Every structure is written in C-alpha cells, then in structure tokens.
Amino acid sequence: MNNVILRTQKLTKTFVSGRGKAQRTVEAVRGVDLEVYEGEIFGFLGPNGAGKTTTLNMVTTLLAPSSGQATVVGNDLLKNPIQVRQHIGYVSQAGGSDTAANAYENLILQARLYGIDLEKATQRAKDLVERFQMSEFADRLASTYSGGQRRRLDLALGIVHHPPLVFLDEPTIGLDPQSRAYFWDEIIRLKKDGMTIFVTTHYLDEADNLCDRLAIIDHGHIVAVGTGQELKKQIGAESIVVGFQNEKVLNMAKQSLENQVFVQKIYTEENKLHLFVVEGEKLLAEVLRVLDKSQVVVQTIELAKPSLDDVFLQKTGRSLREQGE
Amino acid sequence: MKFFTDGVLLFVRHIKKTFRSPAWLIIGMSQPVLYLLLYMPLLKNVAGGGQAVSAVDVTRLFVPGMLVIMSMGSLFAGFSFIPEMRQGLIARWIVTPASRVAILLSMVLNNLVTLSLQSIILIVIATFFGLRISVVGGVLTFILILLIGTSMAALSYAISLTTKNEMGLAQITNTFYLPVLLLSGIMLPISLAPHWIKVAAKFNPFYYAVEASRSLFGGNLTAPVVFVGYGITILLASICVWSAVKALQKMSA
C-alpha cells in the first residue's frame with residue numbers, strides 16, 4: 001500500500017501579471033511536498049484561491065511549475081511530460097465533455113488520442129457506457145444531457161485509457177445529493193479496480209467519509225496531511241461551542257476565555273465561540289463557571305466531536321462552509 | 001505518425017461539429033453575396049475614373065477583395081473556440097499525449113474547409129456576374145486565400161488562448177479588423193487613394209495579398225506583386241501559427 005505513485009518536492013508557482021509599475025507577482029503555490037500512495041483515495045482540500053487548482057494543474061502537466069519537481073506514476077514531470085500524460089486521467093471542474101458529440105464519439109476520440117486503436121476504443125466506449133449506466137442517452141448529443149449525466153461522461157472520459165492515477169477536480173460540485181452519492185460509489189469502484197484517486201472537494205463530510213488520506217492546502221502551503229482520524233486527533237479531542245445573544249456578549253466571553261489554560265485555540269463563527277479542548281466533557285462546567293464569573297449570559301453550549309470542519313477551521317483560520325460554493 | 005493520426009481524429013471531430021450546424025455557411029456567404037449584388041455595380045463607374053468599365057474587369061478587381069474579406073473572417077474562429085475552452089474540452093485534449101501542433105492545426109484545417117467552400121461558392125456566383133479567370137490564376141489565388149485564412153484562424157486562437165474570454169477577443173479583433181480592411185484596397189483599389197493612404201497601406205500585409213490576387217485574376221501570374229504577396233502572406237501565416245502553438249503550449253507547459 002505504501003508505494004508512492006505521486007510525489008512532489010518543493011513545487012512552486014508564481015504568476016506575474018501586469019507590466020512596469022503595475023507588475024504584481026502572486027505566489028499561488030509556495031513549496032508543496034506531497035506523497036500519494038498507490039491504491040488510495042487522496043483528498044486535497046483548501047479554501048478558494050489556496051493553490052489547489054494550481055497544484056493540480058502542475059501535476060497534470062497543464063501548467064509549468066516555477067520551481068520544484070514531481071514524479072508522477074514513475075515519470076519525471078518536467079523531463080517526461082508525455083509519459084506522465086499517458087499514465088494519468090484528469091477530470092477538470094468544467095468537465096470536458098464535448099457537447100457537440102454523443103457519448104460514444106466522445107469516448108472513442110479520447111481513447112484514440114491515447115493511442116488506442118479503433119476496435120479497442122469502440123469496445124472501451126461500449127464498456128464505459130454500460131458501466132456508468134449511460135445506454136439510455138449515450139447516442140444523443142452531450143448538449144442534451146442533465147448535469148448528472150454529463151458528469152458521468154466526464155468521469156468515463158477521464159478513465160478511458162485505464163490510467164493508474166486519476167485526478168478529479170471538484171467532481172461532485174453542483175450535483176444533487178443523489179447524484180453525488182452515485183458518483184462517490186463509482187469513485188470507490190475505481191479504487192477497488194486498483195486506481196489511485198486524487199480528488200479535490202468542498203464537501204468535507206464526503207472527504208472525511210470517503211478519502212483514505214487528506215491534505216489541506218492554505219496560502220500555497222500544505223498545512224496538514226493525514227487520515228481524517230489523525231487530523232481530528234491533532235487538533236485536540238473536541239470542541240466546546242458556546243452560543244451568545246450578540247457579538248458584544250461574544251467578545252466579552254472571548255476575553256475571559258482566551259487566557260484559560262485549558263483552551264488550546266479559540267475561533268468565532270457568527271455568534272458562536274469554538275473552543276478547542278482536550279476532554280471536553282470535564283470542562284463544560286468550568287467554561288460555564290468562568291463565563292458566570294465574568295457575568296456573561298450563555299445562550300447555548302454544546303460539546304462537539306471534532307469534524308473535518310474543525311480541522312479546517314483550525315488549520316486555515318477559515319470555515320469552508322462559510323465560503324459557500 | 002501519431003501526429004497525423006491525432007490531427008486527423010480531431011479534424012474529423014471538428015468537421016462533424018461544423019456540419020451539424022450548417023448555419024455558418026449561410027451566414028458566412030450572405031455578406032460577400034450582398035457585396036456582389038449591392039456594391040459591385042457601383043464600382044462599374046468609379047473604378048474606371050468615371051468611364052464605364054467592362055463587367056469582366058470589375059469582377060477581376062472586386063472578387064479578389066471579397067475573397068480576402070472572407071479569409072479575414074477566420075479571425076472570428078475564436079468565438080466558437082472560447083466556449084470549448086470554458087467547457088474544459090481543450091484541457092481534456094491537452095492532458096492526453098496528443099501533439100499540440102496537431103491539436104492546433106486540426107482546428108485551423110477545419111476553418112479552411114469552410115473557407116474553401118465559401119470561396120468556391122463566391123467564385124461560382126461571380127462567374128454569373130461576368131467573372132472570367134484562368135484556372136492557374138484561380139488556383140494560385142485560392143491558395144493565397146487559404147494562407148490568409150490560416151493566419152487569421154491561428155491568430156484568433158492565439159488571442160483566445162491569451163484573453164480567455166469573448167470580450168477580449170472582440171475588442172482586439174474589432175480594433176484590428178476595420179483599419180486593416182480599409183487599408184488593403186479591398187473596397188476600392190488603393191491606386192485611387194491620396195498619397196498618405198498609399199503609404200499607410202504599404203504597412204498592411206493584406207494590401208499585398210489583395211494586389212497579388214488581383215494580378216493573378218488579371219492573368220499576370222508572374223508579376224512581382226504576386227511573389228511579394230505570396231512571400232508576405234507565408235511569413236504572416238508562419239508567425240501566426242507559431243504564436244498560436246506557443247500560446248497553446250503555455251496553457252499546457
């Protein structure tokens with residue numbers, strides 16, 4: 001299981017925009033080191049603009065890194081991009097289905113661009129249409145497909161050449177819950193077939209349940225890597241969430257709580273305070289006592305098992321949920 | 001070998017798409033035909049400096065210009081390409097081992113097919129208006145037109161790959177299109193123009209193409225303007241294709 005299929009070393013990307021005095025450089029990715037193991041589903045998370053897509057574009061040969069290196073399925077990214085392309089699949093956020101063609105035409109062309117002959121390509125197209133339950137609509141133009149149908153074709157296109165490693169950029173974005181569930185079932189099936197899956201997503205509950213390991217990127221750095229369990233352990237056992245009437249009360253509460261020894265970290269979200277603590281159940285009373293002493297009125301208090309959201313909040317200082325989609 | 005296979009595979013895809021919505025042919029044809037119908041008759045008196053010129057001469061003067069206008073229309077190729085970029089279609093081709101040059105040339109070739117059809121239809125219609133040209137002159141003009149089409153389509157893709165949106169492409173093409181059109185002697189021969197326009201026209205590569213195709217239509221197949229026109233147009237096409245390939249490579253490292 002621990003064969004590394006994707007390794008990046010100090011990968012960076014700096015964009016330069018404008019000219020002369022208006023010139024600005026943006027360091028989108030500032031030294032990313034990642035290791036993805038063969039056969040796993042690897043979740044890549046991060047707020048918008050954190051460098052997620054830029055990293056993805058670099059390891060899929062869509063963007064030249066400013067510095068650093070990477071090995072993708074045994075091939076050097078910079079020296080041998082053609083071999084890298086031959087061995088990876090990629091499904092972009094936009095999808096990539098050709099709406100001016102039907103599913104068969106889409107799949108056959110894609111297979112043939114990977115050097116597969118017509119007979120084999122046709123067979124692959126048929127197999128994939130069946131596998132992703134597209135028979136009903138596969139001979140209609142893709143422009144007539146529903147969002148979920150098109151997404152299935154996008155995924156089929158990404159794996160038509162049976163790549164050992166496939167990259168999925170926000171594969172379930174904008175889909176209804178049913179389609180999302182279907183899609184994840186298919187992703188798990190790909191894993192069972194022996195594919196390694198590198199996936200970015202906004203849905204942290206999905207990532208927590210379905211990814212073997214996760215990495216969080218923020219401001220162009222990897223801020224956390226590990227299994228969902230490990231990450232949650234890292235940030236402390238639980239969080240105590242205390243709700244208040246308004247911001248004024250909240251600030252008073254924050255002042256009296258932030259210097260307490262038992263509080264590892266403290267965050268505010270709307271009118272709630274998140275206190276990251278160890279052994280939270282023993283501290284509930286203590287928190288109430290402190291707040292009572294400072295004459296702060298508490299509206300709600302609860303003990304929350306850490307979620308990936310908490311990990312995200314603590315590692316990036318932002319909640320992924322707040323950003324919407 | 002893979003280069004040709006990839007190119008042909010993609011070309012077939014583009015052609016299928018083109019012929020699935022043949023509206024382009026009608027739209028693309030209507031303008032030059034309108035020029036033939038409504039504008040060319042005016043030339044009859046103007047081109048001869050007040051004296052009526054024969055129908056053959058007028059068509060020989062005017063049809064090459066129309067062909068150049070149509071070939072410049074390839075500049076708009078990017079408008080159907082940008083939505084494909086947005087759909088992730090181009091990225092999907094680029095992550096395959098397919099050759100970038102093949103990807104680009106397949107698209108240009110598709111534009112040349114439509115341009116060829118339009119040019120042939122125009123020439124056929126023009127014969128009803130009295131156009132008479134030699135086969136060699138016609139073929140040489142046709143090749144020149146395809147070279148301009150190559151330049152303009154490639155340029156359009158290069159701009160699209162850089163601006164990534166229709167607004168940017170529209171701004172650049174509109175800024176560029178009209179002055180180039182007016183300074184190429186397409187509407188009227190530059191020889192009728194005041195001196196400063198003649199000078200300005202010398203800096204317009206299309207002026208030479210128009211002059212060359214007029215000479216070819218007139219039967220002067222070996223006139224210096226033909227060689228100059230061909231030379232400049234080939235140079236232009238090379239630069240445009242090169243910059244489009246560069247833009248595509250930049251998109252894909």
Side-chain angles (χ1 to χ4, degrees), chain A residues 13 53 56-66 72 75 77-78 80-102 105-118 121 141-143 150 153-154 157-158 160-161 163 166-167 169-170, chain B residues 1-24 77 79-107 110 114 161-165 168 246-253:
Chain A
K13 182 71 198 180
T53 302
L56 198 63
N57 285 349
M58 286 194 282
V59 294
T60 52
T61 76
L62 284 169
L63 196 65
S66 303
V72 188
N75 294 290
L77 178 70
L78 303 174
N80 211 346
I82 307 256
Q83 279 304 311
V84 170
R85 285 175 195 138
Q86 187 71 41
H87 291 97
I88 60 165
Y90 167 69
V91 182
S92 72
Q93 203 170 326
S97 294
D98 181 0
T99 51
N102 67 35
E105 290 169 325
N106 263 290
L107 289 163
I108 292 171
L109 173 61
Q110 188 72 1
R112 300 216 59 199
L113 291 179
Y114 283 102
I116 299 166
D117 67 46
L118 178 61
L141 293 188
S143 53
R150 196 177 297 180
L153 178 55
D154 294 339
L157 285 165
V160 71
H161 55 301
V166 61
F167 294 88
D169 193 4
E170 300 281 355
Chain B
M1 188 54 209
K2 176 119 171 65
F3 172 85
F4 287 104
T5 324
D6 292 342
V8 170
L9 287 168
L10 289 166
F11 172 70
V12 169
R13 177 263 164 194
H14 304 318
I15 279 289
K16 270 191 191 165
K17 183 188 175 188
T18 303
F19 282 90
R20 268 174 186 155
S21 53
W24 58 267
F79 286 103
S80 57
F81 172 73
I82 290 171
E84 289 181 345
M85 277 173 74
R86 206 170 285 135
Q87 280 174 30
L89 195 52
I90 312 303
R92 177 159 69 76
W93 293 332
I94 283 175
V95 291
T96 72
S99 147
R100 275 81 189 111
V101 181
I103 292 172
L104 183 84
L105 290 184
S106 73
M107 301 192 299
N110 174 49
T114 53
L161 284 163
T162 313
T163 65
K164 295 185 175 74
N165 66 68
K246 279 286 150 206
L248 196 62
Q249 278 170 346
K250 202 179 164 199
M251 177 176 164
S252 61

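Proteins come first, then strands; the chains are lettered A, B, ... in the order of their sequence lines, and each starts at number 1. The model shown is predicted, which means the values in this text are computed figures rather than measured ones.
- Remark: side-chain polar atoms of A:Asn57 are not paired, donor with acceptor, to backbone N or O of A:Leu62 under 3.5 angstrom.
- Heavy atoms of A:Ser97 lying under 4.5 Å from chain B belong exclusively to its backbone.
- Of the residues listed (B:Ile103, B:Thr96, B:Thr5), the one engaging A:Leu113 in a side chain to side chain contact (heavy atoms under 4.5 Å, CB included) is B:Thr96, and it is the only one.
- Across A:His161, A:Gln86, A:Gln110, the residue that shares the most heavy-atom pairs under 4.5 angstrom with chain B is A:Gln110.
- Using a 4.5 Å cut-off between heavy atoms, A:Ile88 does not touch chain B at all.
- Proximity to chain B is limited to the side chain of A:Leu141, based on heavy atoms less than 4.5 angstrom apart.
- Proximity of a side-chain donor or acceptor of B:Arg92 to a complementary backbone N or O of A:Gly95 within less than 3.5 Å is not detected.
- Each of B:Arg13, B:Lys17, B:Lys16 was scored for a salt bridge (Lys or Arg N to Asp or Glu O under 4.0 Å) with A:Glu105, with one residue passing: B:Lys16.
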